[in-house]
Amino acid sequence: MAPYGDNFVRKNSEGYGSSSSIDNFEELGLEKVSRNERRIFVNKNLNLSKISCYGFDMDYTLCEYISPQFDELAFDLAKTWMVDNLGYSKDILDIEYNHQFGVRGLWFDRKAGNLLKVDQFGKILDCSHGFRMLKSAEIKEIYPGKIQRKDDARVFVMNTLFNLAETFLIAALVDHFDKRDDYEATATGWVKDGEEFTFAQLFKDLRTAIDDIHLHSCLLKKNCLANLPRYVKKDVRLPSMLERIRNSGRKTFLLTNSDWWYSSQIMNFLLGDSWVSYFDLVVVDACKPRFFSTGTPMKRVDTSTATLIPSLPPPFTSCPPGPVIYSGGDHTTISTMLGAKGPDVIYVGDHLYADVIKCRKLCEWRTLLIVPELSHELDVTQKNSGLLSHLSKLESLLAENPKLDELKVRLWEAVNELNKDFSGSGSLFRSGSRLSYFGSQVMIWADVYTASVNNLAGYDLEHKFLQNTVRLPHETGIEITRSCSEEQEDSEDQELDLIREEEEEEIAHLDVCVN
């Protein structure tokens with residue numbers, strides 16, 4: 001059942017959904033609902049009629065955590081753990097979480113203590129030290145050519161929404177120690193009483209805290225389960241969406257890195273006591289991205305004790321009847337058990353690297369990337385629709401007049417104006433007109449992407465997603481008439497004349513002041 005009724009299930013789309021998909025928003029009382037926030041956007045052609053199996057991740061996919069409440073919980077637990085277990089000053093407990101500071105996909109430089117937003121080639125688009133944005137000259141002093149390659153020994157990529165809390169916390173801690181009088185700043189950290197305290201050590205301590213609240217003490221999970229309505233969103237579309245897939249004769253499976261103890265309670269909250277019946281196969285402890293390469297030994301889960309027991313020896317040829325829960329495995333085994341070939345399967349997940357990139361690199365499953373931030377990104381983009389074209393125009397003018405300082409200032413101001421509306425770290429997908437590393441990887445690897453898994457409910461299961469025609473630079477603009485080209489040149493000349501006049505007036509004003 002589609003969210004707007006059977007008459008409004010989309011049949012096909014180009015780019016993100018045909019404009020005729022839903023026509024009567026006013027009649028449905030949805031005139032205030034964004035037409036884009038429930039759409040699925042297309043990078044690669046995808047014909048759902050050829051998909052026989054739908055696989056779903058749990059965290060941030062079927063289970064939509066509520067932000068900023070869930071992020072703030074992780075933030076508070078992590079800093080408290082650092083105080084209680086690593087001897088950090090109680091002063092850091094006074095740091096308050098700011099959900100508007102960062103976006104995921106930033107890189108943390110362990111050596112210099114900076115958060116970087118880069119493009120796909122490592123070109124630095126934005127750089128902050130603590131809460132201070134570095135200027136271009138400062139960036140060049142640290143990173144020659146303003147480039148930092150993806151060096152795993154130096155760089156940690158904040159890949160997931162789970163990383164949002166630590167993205168802000170590492171920036172806040174760097175800012176905290178920079179401001180302390182008893183700590184002397186160095187290029188790689190600080191010195192106190194003759195002892196060096198590096199950014200790398202600070203980040204290692206933070207990662208230890210994060211790992212503990214997630215994996216060892218499980219404080220984050222325990223606190224979440226203690227108040228599920230506060231931290232987990234329930235969407236009425238979820239059960240009907242899963243039922244519609246299964247009623248069509250297609251299969252569904254749950255594939256999550258979370259363990260059975262946590263997964264069972266989350267899924268019970270979302271779908272009820274009989275939640276297992278919504279799936280043909282349930283796999284926990286999947287260990288993605290290893291699941292898409294060597295995998296791990298597949299075992300069965302004793303659901304009464306939450307312990308693992310040996311499974312039947314391979315080969316696994318089919319799904320056994322009844323609610324059998326598995327742990328581990330690999331993509332080949334799961335495909336075989338489902339009776340599916342690679343391209344017949346689509347996997348839906350939020351982790352760009354573990355759920356999408358490694359999946360596309362190492363197997364033939366298709367992918368749907370969940371980007372919960374997309375709703376906010378769409379809102380801001382719509383409000384600033386004219387700024388991107390303005391940026392492109394300024395960049396074109398600057399390319400022809402590289403020594404015109406006023407143009408550089410205007411370009412910098414325009415980029416900042418666009419970025420600040422997204423967050424303190426700008427957009428998830430770009431900085432100004434340039435795609436971020438995250439944005440470029442989404443475009444390259446994800447077949448389709450959307451803000452919520454439940455947006456699938458708005459599309460027919462025979463739907464064909466069609467990408468916009470891809471053109472190389474030399475193939476674009478060839479149909480522009482001479483008159484259009486001349487009008488553009490006249491417009492650019494007029495803007496240049498205006499900028500030059502303003503510069504001349506400022507110079508004249510300075511001369512008067514000097515005299």
Colleague: Any chance the side chains of Asp76 and Tyr97 put a donor and an acceptor closer than 3.5 Å?
Modeller: no

Colleague: Determine the interplanar angle of the Phe70 and Tyr231 rings, folded into 0 to 90°, and report it as parallel if under 30°, tilted if 30 to 60°, perpendicular if over 60°.
Modeller: perpendicular

Colleague: Tell me whether the NZ or CZ atom of Lys221 lies within the 45° cone about the ring axis of Tyr262 and under 6.0 Å from its centre.
Modeller: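 So Lys221 does make the cation-pi contact.
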
Colleague: Hey, is the main chain of Cys224 close enough, under 3.5 Å, to the side chain of Asn227 for a donor-acceptor pair?
Modeller: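 Side chain of Asn227 to backbone of Cys224: no pair is present.
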
Colleague: Looking at Phe422, is its backbone amide N or carbonyl O close enough to the side chain of His376 to form a donor-acceptor pair, meaning the two atoms are under 3.5 Å apart?
Modeller: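 Yes, because the side chain of His376 sits within donor-acceptor range (under 3.5 Å) of the backbone of Phe422.
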
Colleague: ring-ring contact (aromatic ring centres under 6.0 Å, His included) between Phe162 and Tyr60: does it pass, once the steps are laid out?
Modeller: CA-CA 9 Å; Phe162 280 127; Tyr60 283 109; 4.9 Å; yes

Colleague: Is it true that the side chains of Arg38 and Asn454 contain a donor and an acceptor less than 3.5 Å apart?
Modeller: no

Colleague: Could you tell me whether the side chains of Asn163 and Glu166 share a donor-acceptor contact shorter than 3.5 Å?
Modeller: yes

Colleague: If we only count heavy atoms from C-beta on, is the Ser258 to Asp59 side-chain gap below 4.5 Å?
Modeller: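 Answer yes - side chains close enough.
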
Colleague: Would you call the rings of Phe292 and Trp365 parallel, tilted or perpendicular, where under 30° means parallel and over 60° means perpendicular?
Modeller: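 The arrangement is perpendicular - the two ring planes meet at more than 60°.
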
Colleague: Just by distance, with hydrogens left out, do Tyr88 and Asp205 show a side-chain donor and acceptor under 3.5 Å apart?
Modeller: yes

Colleague: Does the side chain of Ser423 come under 3.5 Å of the side chain of Ser425 through a donor N or O and an acceptor N or O?
Modeller: no

Colleague: Check for a donor-acceptor pair, side chain of Tyr459 on one end and backbone N or O of Ile40 on the other, with a separation under 3.5 Å.
Modeller: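 Here the side-chain-to-backbone pair exists.
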
Colleague: Does the cation-pi check pass for Lys233 over Tyr65, that is, NZ or CZ under 6.0 Å from the six-membered ring centre and within 45° of its axis?
Modeller: no

Colleague: Hey, are Trp275 and Ser264 close enough side-chain-wise for a donor-acceptor pair under 3.5 Å?
Modeller: no

Colleague: Should Phe168 and Phe101 be marked as a ring-ring contact (aromatic ring centres under 6.0 Å, His included) after you check the CA-CA gap, both sets of side-chain angles, and the distance that decides it?
Modeller: CA-CA 7 Å; Phe168 178 74; Phe101 170 75; 5.6 Å; yes

Colleague: For the residue pair Trp107 and Tyr437, is the inter-centroid distance of their aromatic rings smaller than 6.0 Å?
Modeller: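 Under 6.0 Å, so yes.
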
